[in-house]
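One structure is given below, encoded as C-alpha cells.
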Amino acid sequence: MLAHEIRAQVARGELSPLEVAEAYLRRVRELDPGLKAFLTLNERLLEEARRVERDLPLAGLLVAVKDNIATKGLRTTAGSRLLENFVPPYDATAVARLKAQGALVLGKTNLDEFGMGSSTEHSAFFPSKNPFDPSRVPGGSSGGSAAAVAADLAPLALGSDTGGSVRQPASFCGVYGLKPTYGRVSRFGLVAYASSLEGIGPMARSVRDLALLMDAMAGLDPMDATSLDLPPRFQEALEEPLPPLRLGVVREGLSGNSPGVERALEEALGVFQGLGLRVKEVSWPSLPLALAAYYILAPAEASSNLARYDGTLFGTRAEGEEVWQVVEATRARFGLEVKRRVLVGTFVLSSGYYEAYYERAQAFRARLKAEARALFQEVDLLLLPTTPHPAFPLGGRPDPLAMYREDLYTVGANLTGLPALSLPAGFEGHLPVGLQLLAPWGKDELLLRAALAHEEATARAFLKMPLGEAL
Ligand code: GLN
C-alpha cells in the first residue's frame, strides 16, 4: 500500500498503527540483511506505535530517516566514524514536525559519509544495495532511504539534497524524490555539508505521499534563519486542475545519455503533451558548467562545516597526549572522500587561489541563476533527465571524477535554489529510469501537481515493486 492508502485505512479503523509498525519491522528484519538500507532501527517503535493518537494527520505512518538528520535519542552517524556513537539530544525540525502529526521514525538509513557521494559506497559502514539489482548501487547519498522506499521497507523516507542526493537515488530506485525550494524545509538538525546548497526532501512511491510529508514539514522555523515563510499547501494544490503549462526541454550541450534515458524523455514529453502542456525547446547555456562550480563551492563549504569535528565537542575522540594530537588523530578517522573534499575546499579558499576558484564559482552561480530566471519567463516547468543512465554497478566508479560526473543534471537546482523533483519514467532493461522536473522559485506545489498528472496519466506504469509490498 502507498502511504496515503495506509493513512486512510488507519483513519477508518481498518488498520492500527501497531499493526503497521509490526508489518514493517518484520519486513525490515527479513529483507534488510540483504539490502543494508538501515544503519539503526528504532528499538522503541512498537511501544511508540501503541501510543499514537489515531486522529492525527500522519497517524500510522512510518518514516525512514537519512542518518544525517538528527533524531532525539536515536543514534545519528551521518555515515561517519566521527559520529559513530552520537545520540542527538534533540530532533531536527522536520522530524519533530512529522512526529507531532503522528508519524513515527522507523529507523535511520545509510548514506555516503556526510552526504558526500552518489552511491552510498562512501559510507564508513557499508554500501547499500539497489532493490532492483543487488549488484548495483541504489544511488547516493540518500541511497539507504531510496532503497528502503523501493523495497517497501518503509512507506516514506527523508533524504537530504546538496547536489542531487534525493533525486539521483530516487531515480536509481524507481521512486519519487523532491528537492524543495531552498529554505522551504528547515535545515535545523541536518548535519551540515554545504549549507547554501542543501535541504531536506521527501521520498515516496507516489506524489500524494510526498505531499503528505511536505505539508507536515515545510514552513518557517525560528531555528533556521534561511527558512522561508511560505506556508505549505501541497495536498490542496493536488486537488486543483492542471493549468495549461508551458514545458521547457533543454537539449543543447547535454548529450551522452543512455538509450533508456532518451526514450523515457521522449515518452514523458508525449505524456505531458497529451495532458495539454505546450512543449518548447529552451536553452540554459551555463548548465553544462554547473558541475565544475558545484565541485568548488560544495567542498569549500564542507571544509568550513567539518572543522567542528575535532574530538573536543562531540562525536568520537581519539587518544593523544597534546590537544593537537587528539585533533589530528580524531580527524584521521574521516574517510578518504571526506578528506579529499576538505583538502579541495581549503585549497580553493586559500589566499591567492580564492579569486581564481571560489570567487569565480560564485560569480558563475549568479549567472546560472540569472539564466534560470530568464528561462522561466519562457516556460513554467523544465524537464531534464535526473541522471545520464540508470544505476551503475557497485564498485563501478573508482575514479572520483567519474563519480562526480553522475551529478551533471542535478546540481543546477542546488546552485539556483530551485525546486526539482525526480519521477519514475521508464526502464532500461530491469533498471528504473527517472526524469526531473524543475519549477520556478517557490513553486514546489506546481511541481507536484504536474508530477501527479504524469503519475495518473501513466497509471503508475513505472512504479514496480521488485520485492513486493509490506501491506
Ligand atoms: N553527489 C553529490 C556530492 O557528492 C551530491 C551529494 C548530496 O546531494 N548530498 O556532493
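The figures here come from the full heavy-atom set of this structure, side chains too, leaving out hydrogens, waters and symmetry mates. Counting begins at 1 with the first residue of the sequence.
Other residues, nucleotides and ligands contribute more than 12 heavy atoms inside 6.0 Å of the NZ atom of Lys99. Annotation: Glu319, atom CD; neighbour count of heavy atoms from other residues, nucleotides and ligands within 6.0 Å does not exceed 12. Heavy atoms of other residues, nucleotides or ligands lying less than 6.0 angstrom from CZ of Arg360 number 12 at most. Annotation: Tyr357, atom OH; neighbour count of heavy atoms from other residues, nucleotides and ligands within 6.0 Å does not exceed 12.
Between Phe392 and His389, the ring planes lie perpendicular to each other; the angle is over 60°, past the 30° to 60° tilted range.
Judged by distance alone, the side chain of Glu19 and the main-chain N or O of Ser16 form a donor-acceptor pair under 3.5 Å. Looking at Asn110, its side chain never comes within 3.5 Å of a backbone N or O of Ala37 through a donor-acceptor pair. Between the Asp209 side chain and the Ala204 main chain, no donor and acceptor come within less than 3.5 Å of each other.
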Query raised in the report: Yes or no on ring-ring contact (aromatic ring centres under 6.0 Å, His included) for Phe172 and Phe132, after CA distance, side-chain angles and deciding distance?
Result: CA-CA 9 Å; Phe172 279 10; Phe132 283 83; over 10 Å; no
Requested in this report: Mind running ring-ring contact (aromatic ring centres under 6.0 Å, His included) on Tyr404 and Tyr294 for me, showing each step along the way?
Outcome: CA-CA 10 Å; Tyr404 297 171; Tyr294 173 84; 8.6 Å; no
Query - Derivation of the salt bridge (Lys or Arg N to Asp or Glu O under 4.0 Å) call for Glu301 and Arg341 - result: CA-CA 10 Å; Glu301 294 188 29; Arg341 304 231 185 163; over 6 Å; no
Requested in this report: Determine, step by step, whether Val28 and Phe38 satisfy the side chain to side chain contact (heavy atoms under 4.5 Å, CB included) criterion, reporting the C-alpha distance in whole Å, the side-chain angles of both residues, the deciding distance to 0.1 Å, and the verdict.
Outcome: CA-CA 9 Å; Val28 170; Phe38 285 92; 4.1 Å; yes
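Ion pairing between a basic and an acidic side chain is recognised when a charged N comes within 4.0 Å of a carboxylate O; Arg81 and Glu84 show such pairing. Residues Arg44 and Glu47 are not paired through a salt bridge, judged by the lack of any N-O separation under 4.0 Å between the basic side chain and the carboxylate. Residues Arg205 and Glu5 are not paired through a salt bridge, judged by the lack of any N-O separation under 4.0 Å between the basic side chain and the carboxylate. A salt bridge does not link Arg233 to Glu239: none of the charged nitrogens lies less than 4.0 Å from a carboxylate oxygen. A salt bridge is absent between Asp161 and Lys179; no separation between the charged side-chain nitrogens and carboxylate oxygens falls under 4.0 Å. A salt bridge is defined here as a Lys NZ or Arg NE, NH1 or NH2 lying under 4.0 Å from an Asp or Glu carboxylate O, and Arg331 with Asp310 fails to meet this definition. Under 4.0 Å is where a charged nitrogen must lie from a carboxylate oxygen, and between Glu406 and Arg397 at least one such pair does.
The two residues Pro232 and Met214 make their nearest non-hydrogen contact at CB-O, 3.8 Å.
Atom CG of residue Leu156 and atom CG of residue Leu98 lie 8.5 Å apart, to the nearest 0.5 angstrom. To the nearest 0.5 Å, atom CD of residue Glu113 and atom NZ of residue Lys339 are 9.0 Å apart. Within the model, atoms OG of Ser196 and CG of Asn414 stand 9.0 Å from one another, a figure rounded to the nearest 0.5 Å. One distance of note links CZ of Phe314 with CZ of Arg308; it measures 6.0 Å at 0.5 Å rounding. With rounding to the nearest 0.5 Å, the separation of CG in Leu394 from NZ in Lys129 is 6.5 Å. Asp67 CG to Thr76 OG1: the interatomic distance, rounded to the nearest 0.5 Å, is 5.5 Å.
Using a 4.5 Å heavy-atom threshold, the side chains of Met116 and His122 count as separate. Using a 4.5 Å cut-off on side-chain heavy atoms (C-beta onward), Leu448 and Leu178 make contact. With contacts defined as side-chain heavy-atom distances shorter than 4.5 Å, the pair Pro393/Arg136 qualifies.
Checked against Phe114 for a side chain to side chain contact (heavy atoms under 4.5 Å, CB included), the options Leu306, Thr77, Asn68 give a single hit: Leu306.
Between the side chains of Ser160 and Lys66, at least one donor N or O lies within less than 3.5 Å of an accepting N or O.
Cation-pi contact between Lys36 and Phe126: present, with separation from the ring centre below 6.0 Å and deviation from the ring axis of at most 45°.
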